[in-house]
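First up is the structure itself, then whatever we jot down about it.
The residues of the chain are indexed from 1 along the displayed sequence.
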Amino acid sequence: MTDCIRTSGKNDCIISAKRLELQNLPAREADGFIRYALDCAAIVAVTDVRGTITFVNEKFCEISGYSRNELIGANHRILRSGVHDAEFFRSMYHQIANGRNWHGEICNKKKNGEIYWVDTTIVPHVAASGKVDSYTAIRFDITERKCVEAQLRESREHLEIVANLDVLTDLPNRRYFQSYLEKIIAKRAETGRSFFLALMDIDSFKEVNDSFGHEDGDRLLRTVGMRLRSMVDDHIFVARLGGDEFGVVFDETEEGLARAFFETILQMLREPIKIASVNWHASSSIGYATFPADGRDTTSLVRAADLALYRAKELGRDRVEEFYPELLLQSEKRTLALLEIETGLRREDFHFSYQPIIFRDKTYPVSFEALIRWHHPERGVIMPGDFQAGLTDPAMSALIGIYMLNRVFSDIKTMLEMGLSFRRVGINLTNADFRSDAFLEQFFSLCKQTGIGPEHFCVEVTEGMFLGREQKRVDRGLRKLHAAGVEIALDDFGTGYASLTHLQEIPIDRLKIDRRFVSRIITSSEDRVIVKGVIDIAHGLGKIVTAEGVETAEQAKMLIDMRCDSLQGWYFSKASDLMSLPSIMNKLSERRASLREDNS
């Protein structure tokens with residue numbers, strides 16, 4: 001079988017290489033064959049220096065749709081598609097007019113208006129006089145390749161859009177936000193011109209998810225996204241950063257305008273949003289920072305805005321807060337405090353002191369409240385009020401909660417081994433203890449491991465826990481503990497925002513009257529009325545009452561006369577370390593004997 005060279009075209013030409021021995025052909029015959037082969041494979045045209053077409057081959061006619069008669073004598077501009085600008089052709093003509101070959105890709109237009117692409121080489125013919133007198137253009141059809149390239153380009157552009165778009169809200173996502181912020185910082189760094197970066201959270205987002213489900217939570221996010229998109233213009237950029245967090249860039253220089261704009265966002269988001277047939281009144285918190293005053297790079301500027309957002313939440317949410325340098329100092333101080341607390345937990349520097357709770361009914365054994373103390377290696381014993389950073393930080397508070405469980409279980413085991421008789425040990429919980437199932441799982445695991453049952457425990461919670469974002473998880477967790485036999489006490493009753501409805505809806509066994517009412521019970525008739533009213537309401541609902549902060553015999557007697565069920569305070573004992581409890585218990589006998597039991 002003979003070897004062949006195949007050339008593309010409407011009528012493929014197959015030429016046997018072995019039958020043509022070019023080296024043995026005369027020069028004229030070889031030149032003719034080369035022109036023939038070129039004519040089969042390439043699109044060929046010749047023009048004079050003015051661009052008038054003087055020769056075209058058959059393939060030129062086939063691809064352009066023009067006949068040879070229509071092309072010969074016409075100017076080559078007849079094929080221009082409009083894709084290339086004047087500079088493109090000016091550069092090409094300058095090169096070939098000076099006798100240099102030109103190579104490139106050109107988009108031409110057919111007679112029927114369709115466009116096609118050709119890989120083109122233009123060879124100028126230089127006459128004996130040294131001047132260019134004509135141009136030969138040799139082209140190859142690359143339309144199919146250009147179409148594939150266009151498709152790939154469109155595909156890449158589509159993927160780029162998808163990669164930068166938040167599909168739920170149709171806003172730019174965190175990736176694009178980061179890129180945008182870096183670009184605007186680079187531009188403004190050159191001019192020194194300021195702009196504002198704001199971070200925004202939806203205050204009620206978790207409540208919507210918990211109350212209505214994630215589908216309605218997504219509906220809330222879409223509505224917020226739509227409202228924010230309506231505000232976008234040449235000076236305003238908005239992105240969804242994830243969850244219920246959004247980023248806003250306000251590209252103006254006046255701080256007054258920026259704050260007014262962010263207040264407008266808050267007002268817009270306060271408009272009711274229809275969720276599951278309910279008009280939900282959402283709110284949001286915004287913190288903003290100024291470039292370059294509050295940060296000269298992405299990291300520092302975002303951090304400043306985030307600290308301002310944290311401040312807005314701390315002050316009650318549904319507000320705008322501006323960054324100021326003191327926030328950064330507070331943050332750094334807080335970070336160092338958290339690191340120190342974490343180190344203290346690892347070293348087991350935290351211990352528990354136990355304060356007795358004395359019952360009016362002398363047949364009831366004493367209970368205790370476990371109170372955490374930090375035995376700092378350098379600063380001595382530190383009270384909880386001096387390490388609030390750890391107690392208010394959700395993650396650290398959750399770690400402290402687990403630490404407390406392990407330690408208190410160990411202490412109770414020691415109490416039992418010492419032969420102490422007690423009713424329950426109270427431990428103070430926070431919302432952080434209910435963020436996950438870890439606390440409850442550890443509690444029941446320790447009950448099983450140690451043999452110390454739930455009936456030995458009381459958990460004390462505050463009124464604010466029933467109003468927080470973890471409200472439902474707190475309620476479920478307390479019900480699980482209560483069902484297992486744990487007593488539930490509502491601490492600091494009367495100082496928070498809980499309503500009497502909570503006493504009916506939540507499994508509360510005991511109310512603890514705050515010390516501020518007890519401290520004035522002798523001198524203030526109003527406080528006496530409040531304390532007596534709380535006791536009567538609690539008893540009417542089948543609950544017992546503990547009065548905190550009892551410091552004198554007179555206070556203790558008055559509370560007993562009011563039929564308060566149990567008393568706690570320095571009159572009986574301060575909180576003491578574990579090993580001091582046996583002696584404390586002996587001393588309590590005298591104080592308990594002084595109390596008049598009234599069983600009427």
Side-chain angles (χ1 to χ4, degrees), residues 303 306-307 310-311 313-315 324-357 368-415 418 425-433 435 438-439 442 459-462 464-465 491-492 495 512 514-516 519 548-551 568-584 587:
R303 184 185 183 190
D306 193 48
L307 289 172
Y310 182 84
R311 177 66 173 166
K313 294 178 182 178
E314 191 178 49
L315 292 176
Y324 54 92
E326 182 64 25
L327 292 179
L328 183 57
L329 295 177
Q330 292 173 2
S331 174
E332 291 172 347
K333 184 178 179 181
R334 180 184 178 85
T335 299
L336 290 174
L338 291 176
L339 289 173
E340 192 174 15
I341 291 170
E342 186 176 2
T343 300
L345 290 173
R346 286 200 307 268
R347 291 194 310 225
E348 298 187 350
D349 291 339
F350 290 85
H351 302 274
F352 287 86
S353 294
Y354 295 89
Q355 186 172 39
I357 299 172
F368 296 103
E369 180 180 359
L371 300 169
I372 193 168
R373 303 288 185 261
W374 185 3
H375 291 252
H376 196 282
E378 298 171 0
R379 295 157 57 192
V381 177
I382 302 175
M383 306 297 280
D386 294 322
F387 55 90
Q388 278 295 309
L391 299 176
T392 56
D393 179 81
M396 186 58 67
S397 183
L399 285 177
I400 292 174
I402 296 296
Y403 179 92
M404 172 185 66
L405 276 185
N406 294 325
R407 193 75 188 217
V408 171
F409 265 91
S410 176
D411 287 352
I412 290 177
K413 183 179 179 181
T414 301
M415 291 179 194
M418 289 190 300
V425 174
I427 55 177
N428 292 276
L429 303 189
T430 68
N431 291 79
D433 296 313
R435 290 177 72 200
F439 182 88
Q442 181 70 354
V459 296
E460 299 191 9
V461 294
T462 58
M465 291 173 62
D491 199 9
D492 301 332
T495 62
K512 299 191 74 175
D514 187 74
R515 65 182 64 249
R516 72 187 67 182
S519 66
E548 294 183 300
V550 180
E551 297 184 358
Q568 177 181 357
W570 284 12
Y571 175 69
F572 301 100
S573 174
K574 294 183 179 182
S576 304
D577 63 83
L578 178 63
M579 303 315 294
S580 300
L581 290 183
S583 62
I584 295 295
K587 294 178 182 177

Qualifying residues under side chain to side chain contact (heavy atoms under 4.5 Å, CB included), relative to Ala432, sequence neighbours excluded: Ser397, Ala398, Thr430, Arg435
Could you tell me which non-hydrogen atom of Ile341 sits nearest to which non-hydrogen atom of Met396, and how far apart they are? CG2-SD, 3.9 Å
Please name all residues satisfying salt bridge (charged side-chain N to carboxylate O under 4.0 Å, His left out) with Glu314, sequence neighbours left out, ordered by chain then number. Arg311
Residues which pass side chain to side chain contact (heavy atoms under 4.5 Å, CB included) with Lys413, listed by chain and number, not counting sequence neighbours: Glu417, Ile452
For Gln388, the side-chain hydrogen bond (donor to acceptor under 3.5 Å, both in side chains) test, sequence neighbours excluded, returns none
Is any side-chain heavy atom of Leu578 less than 4.5 Å from a side-chain heavy atom of Thr414? yes
List in chain and number order the residues that pass side-chain hydrogen bond (donor to acceptor under 3.5 Å, both in side chains) with Thr392, two or more places apart in sequence or in another chain; answer none if no residue qualifies. none
Residues in side-chain hydrogen bond (donor to acceptor under 3.5 Å, both in side chains) with Asp306, at least two apart? none
Can I get a per-line list of side-chain donor-acceptor pairs under 3.5 Å for residues 346-356, giving both atom names and the distance, sequence neighbours left out?
{"from": "Arg347", "atom 1": "NE", "to": "Asp349", "atom 2": "OD2", "distance (Å)": "2.8"}
{"from": "Arg347", "atom 1": "NH2", "to": "Asp349", "atom 2": "OD2", "distance (Å)": "2.8"}
{"from": "His351", "atom 1": "ND1", "to": "Arg407", "atom 2": "NH2", "distance (Å)": "2.6"}
{"from": "Tyr354", "atom 1": "OH", "to": "Asp411", "atom 2": "OD2", "distance (Å)": "2.6"}
{"from": "Gln355", "atom 1": "OE1", "to": "Gln568", "atom 2": "NE2", "distance (Å)": "3.0"}
{"from": "Gln355", "atom 1": "NE2", "to": "Ser573", "atom 2": "O", "distance (Å)": "3.0"}

Test log, rule side chain to side chain contact (heavy atoms under 4.5 Å, CB included), inputs Ile427 and Glu369: CA-CA 6 Å; Ile427 55 177; Glu369 180 180 359; over 6 Å; no
Got a sec, which pairs hit salt bridge (Lys or Arg N to Asp or Glu O under 4.0 Å) with one end in residues 377-406, sequence neighbours left out? Arg334-Asp393, Glu340-Arg379
Listed by chain and number, what are the side-chain hydrogen bond (donor to acceptor under 3.5 Å, both in side chains) partners of His375, not counting sequence neighbours? none
Just by distance, do the side chain of Ser331 and the backbone of Leu327 share a donor-acceptor pair under 3.5 Å? no
